[in-house]
*Asks:* 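The structure that follows is given in the form of structure tokens.
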Amino acid sequence: MTMRPDPGRRAARLARLPILVGPIVLTVCWAVLAMVATAQHASCWGGFNLTSIAGPLSLDYHFYGDVSPVLPLLTYTVLAVSPYLLLYAAGLIALRRGATTILVAISVFGTALVSLSYCIGYAATYPEIAGGGFLCDLGFELIPYGGLIAALLVILLGSLISWLIQRRTGDTTTR
């Protein structure tokens, strides 16, 4: 006799999708960025090393003085992972409320959209970083904000569409 998995467990696994996929996507994007920047002798930061990347980041994050390069890089990493954490939290809220439509919209489509925005953003900055263009480090620094905007849009649109579907079908079991 085979046992079917509990639908609640499947939904809980679906809610964890942003947390599992997000770091993988960011690691791949950053690894490709490092390989491209090293192979093309990135003139944006005067070479590709973490200390030279942390300098512009520390100025943009207003870390003045003799600050360690770890703090700006850690801040950038937390900022880049935060859209996935936001999707995960919204998925947990949807799971707790029993709103599987919102959960699917947030977990699957949200993770795909945020990942796609990161991939496109980093791919668009590769030529600028390699060539040392006018906006070489600015594009790199703004990518996490685009991910946050994409995550917030998915959460808002997913919630709105699910609410409209529930209202149209007359299902008012979830508030």
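Hydrogens, waters and symmetry mates play no part in the numbers below; they use all other heavy atoms, side chains included.
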*Asks:* For residues Trp30 and Thr77, determine if any side-chain heavy atom of one lies less than 4.5 Å from a side-chain heavy atom of the other.
*Replies:*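 The answer is yes, as the side chains (C-beta and beyond) meet within the 4.5 Å cut-off.
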*Asks:* Mind checking what makes side chain to side chain contact (heavy atoms under 4.5 Å, CB included) contact with Leu156, not counting sequence neighbours?
*Replies:*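 Residues passing side chain to side chain contact (heavy atoms under 4.5 Å, CB included) with Leu156: none at all.
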*Asks:* Looking only at non-hydrogen atoms, find the nearest pair between Gly158 and Ile102 and report the distance.
*Replies:*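 The pair with the smallest heavy-atom distance is O-CG1, 4.0 Å.
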*Asks:* Tyr76: which residues meet the ring-ring contact (aromatic ring centres under 6.0 Å, His included) condition with it, sequence neighbours left out?
*Replies:*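 Result, ring-ring contact (aromatic ring centres under 6.0 Å, His included) vs Tyr76: Phe140.
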*Asks:* If you link ILVMFWY side chains whenever their heavy atoms are less than 4.5 Å apart, which other residues fall into the same cluster as Ile120? By chain and number, please.
*Replies:*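 Members other than Ile120 - counting any ILVMFWY side chain reachable under 4.5 Å - are Leu116.
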*Asks:* Sequence neighbours excluded and cut-off under 3.5 Å, please list the side-chain donor-acceptor pairs for residues 142-153, or say none.
*Replies:*
none

*Asks:* By the rule that ILVMFWY residues connect when side-chain heavy atoms come within less than 4.5 angstrom, directly or transitively, which residues belong alongside Val70?
*Replies:*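 Reading the cluster by chain and number, Val70 sits alone, since nothing else belongs.
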*Asks:* Output the distance between atom OG (Ser82) and atom OH (Tyr88), rounded to the nearest 0.5 Å.
*Replies:*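 Separation between the atoms: 16.0 Å.
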*Asks:* Minimum heavy-atom separation for Leu92 to Ala15, with atom names?
*Replies:*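 Scanning both residues completely, I find the closest heavy atoms to be CD2-CB, 4.3 Å.
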*Asks:* About how many Å separate CG of Leu87 and CZ of Arg16, when rounded to the nearest 0.5 Å?
*Replies:*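 Answer for the CZ-CG pair, Arg16 versus Leu87, is 15.5 Å.
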*Asks:* With sequence neighbours left out, write down each residue that passes side chain to side chain contact (heavy atoms under 4.5 Å, CB included) with Leu160, or none if nothing qualifies.
*Replies:*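 For Leu160 the side chain to side chain contact (heavy atoms under 4.5 Å, CB included) partners, ignoring immediate neighbours, are Trp163, Leu164.
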*Asks:* If every non-hydrogen atom of Thr111 is compared with every non-hydrogen atom of Ser107, which pair is closest and at what distance?
*Replies:*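 Minimum heavy-atom contact is OG1-O, 2.5 Å.
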*Asks:* Any chain of hydrophobic side-chain contacts (each under 4.5 Å) joining Leu113 to Leu157?
*Replies:*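 No: no chain of side-chain contacts under 4.5 Å links Leu113 to Leu157.
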*Asks:* Please list, one pair per line, the donor and acceptor atoms closer than 3.5 Å that link side chains of residues 17-24 to other protein atoms, with sequence neighbours excluded.
*Replies:*
none

*Asks:* Going by the rule side-chain hydrogen bond (donor to acceptor under 3.5 Å, both in side chains), which residues pair with Ser115 if we only count those two or more places apart in sequence or in a different chain?
*Replies:*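 So Ser115 forms a side-chain hydrogen bond (donor to acceptor under 3.5 Å, both in side chains) with Tyr84.
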*Asks:* Establish whether Val104 and Val154 are linked, either directly or via other cluster members, by ILVMFWY side-chain heavy-atom contacts under 4.5 Å.
*Replies:*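 Yes, Val104 and Val154 fall within the same hydrophobic cluster.
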*Asks:* When hydrophobic residues are tied together by side-chain contacts of less than 4.5 Å, even through go-betweens, does Leu103 share a cluster with Val108?
*Replies:*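 As far as the 4.5 Å side-chain criterion goes, Val108 and Leu103 are connected within one cluster.
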*Asks:* Would Arg96 and Ile93 count as a side-chain contact (heavy atoms from CB on, under 4.5 Å) if you check the C-alpha gap in whole Å, the side-chain angles of each, and the deciding distance to 0.1 Å?
*Replies:* CA-CA 5 Å; Arg96 184 169 175 101; Ile93 292 169; 5.8 Å; no
